[in-house]
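Here the structure is laid out as structure tokens; the discussion comes afterwards.
Numbering of ligands and ligand atoms starts at 1, following listing order.
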Amino acid sequence: MSLSILLNGARGRMGRAVSTAAGELGLRIGAAVDVGDNPAPGIGACDVIIDFSTPAATPALLRLAVKHRKPIVIGTTGHTAAEKRRLLPLAARIPCVWAGNFSVGVNLLFHLTRQAAHILDANYDAELIEMHHRFKKDAPSGTAARLLEIILKERRLTSAALRHGRKGITGERSPREVGIHSLRGGDVVGDHTVIFAALGERLELVHKASDRAIFARGALRAAQWIVAQPPGVYDMQDVLGLKD
Ligand code: NAD
């Protein structure tokens, strides 16, 4: 089946990558929408919505998707935890894939990080480093936020354990903390390194994205999958069958 897609954020870096990948896969961008455009006229004829825009655009787009009962793939990142909590009940009324990262490699990294955090006890200090291009607006990245959630859950810690940078912190590192460090510069598409460091050994799990096409292809794979699902909020682990 050739899907017709409403693409929100169509003129952005990801929007352009989705358009190119859709062409390669024989999928159709039925409506290309960006800031200043009204998505309402194009929504009736589309099979699925893909959103790579800005967090402020998500509430109105979700309300429109619910009104027209259209499945949606949300790739936009940078929502606060409170914003996401408020939006999830709305998203759950339609089939929705909401993922901070659509790359297959990163989703395997999520899986491996969960395993490592489970097997390696609190003697292994967990730290995360991420680097992205100079234009990125949110920090830490959505992918880093997901990796941190996974580590916190496995270690039964809350977000109070997170240390964003170390400025101002004195004294030794506590085993009940998780460090996160965001680097920004140049045209880096997305690097993530998860470190588990003990006395005597260190495990590093590294993923480097070099082309946005991986996210675009993943989002299109999610779009093809979500049109056949019942209402609910899914992530890329569901799409790829990687759920434990
Ligand atoms: P970008 O700034 O290049 O593009 C964003 C586009 O959204 C722009 O064209 C902008 O005009 C448009 N826009 C702004 N407000 C809008 C609105 N109200 N309605 C419609 N369009 C609007 O950014 P980008 O690099 O393409 O990234 C877009 C989003 O996707 C960011 O949140 C980024 O972090 C995220 N992202 C997610 C993944 C993933 O795999 N989930 C991968 C890469 C980027």
Is ligand 1 less than 4.0 angstrom away from at least one heavy atom of K136?
-> yes
Short version for N8: what comes under 4.0 Å of ligand 1, heavy atoms counted, is side chain
Does any donor atom in the side chain of D47 or S4 lie under 3.5 Å from an acceptor atom in the other side chain?
-> no
Rounded to the nearest 0.5 Å, what separation is found between the NZ atom of K67 and the CD1 atom of I94?
-> 13.5 Å
Are any of the side-chain nitrogens in E177 or R166 under 4.0 Å away from the carboxylate oxygens of its partner?
-> yes
Heavy atoms from other residues, nucleotides or ligands near CZ of R184 exceed 12 (cutoff 6.0 Å) | yes
Lys/Arg-Asp/Glu bridge criterion (N-O < 4.0 Å) met for E204, R202 = yes
Measure the spacing between CG of L162 and CG of L128 and express it to the nearest 0.5 Å.
-> 9.5 Å
What protein heavy atom sits nearest atom 1 (P) of ligand 1, and how far away is it?
-> R13 NH2, 3.7 Å
How far is atom 24 (P) of ligand 1 from its nearest protein heavy atom, and which residue and atom name does that atom have?
-> M14 N, 4.0 Å
Subset of ligand 1 atoms that lie under 4.0 Å from at least one heavy atom of T54 | 14 (C), 15 (N), 16 (C)
Closest protein heavy atom to atom 29 (C) of ligand 1, given as residue, atom name and distance to 0.1 Å = S53 O, 3.5 Å
Kindly identify the option in G12, G78, A57 whose heavy atom sits closest to atom 6 (C) of ligand 1.
-> G12
Shortest protein heavy-atom distance from atom 33 (C) of ligand 1, along with the residue and atom involved = T77 OG1, 3.8 Å
Would you say ligand 1 has an N or O under 3.5 Å from any N or O of R16?
-> no
Atom indices of ligand 1, in the order listed, that fall short of 4.0 Å to a heavy atom of F215 = 40 (O), 42 (C), 43 (C)
Decide whether E130 and H192 meet the rule of one side-chain donor and one side-chain acceptor closer than 3.5 Å.
-> no
For ligand 1, does T76 get within less than 4.0 Å through its side chain, its backbone, both, or neither, judged by non-hydrogen atoms?
-> both
Please could you name the atoms of ligand 1 that K137 approaches to less than 4.0 Å, counting only its heavy atoms?
-> 2 (O)
Can G100 be said to touch ligand 1, with heavy atoms closer than 4.0 Å?
-> yes
Distance-only, no hydrogens or angles: does the E83 side chain make a donor-acceptor pair with backbone N or O of T80 under 3.5 Å?
-> yes
Do other residues, nucleotides or ligands put more than 12 heavy atoms under 6.0 Å from R173 CZ?
-> yes
Nearest non-hydrogen contact to atom 30 (O) of ligand 1 from the set F52, W98, F135 belongs to F52
How does A99 reach ligand 1, if at all, at less than 4.0 Å between non-hydrogen atoms: by side chain, backbone, both, or neither?
-> backbone
Between atom CG of L90 and atom CZ of R93, what is the distance when rounded to the nearest 0.5 Å?
-> 6.0 Å
Quick one: look at R212 and ligand 1, take heavy-atom pairs under 4.0 Å, and tell me if it's side chain, backbone, both or neither.
-> neither
Region of F102 that comes within reach of ligand 1 [heavy atoms, distance under 4.0 Å] = both
Side chain to side chain donor-acceptor pair (under 3.5 Å) test vs T76 passes for just one of T54, D138, D51, namely D51
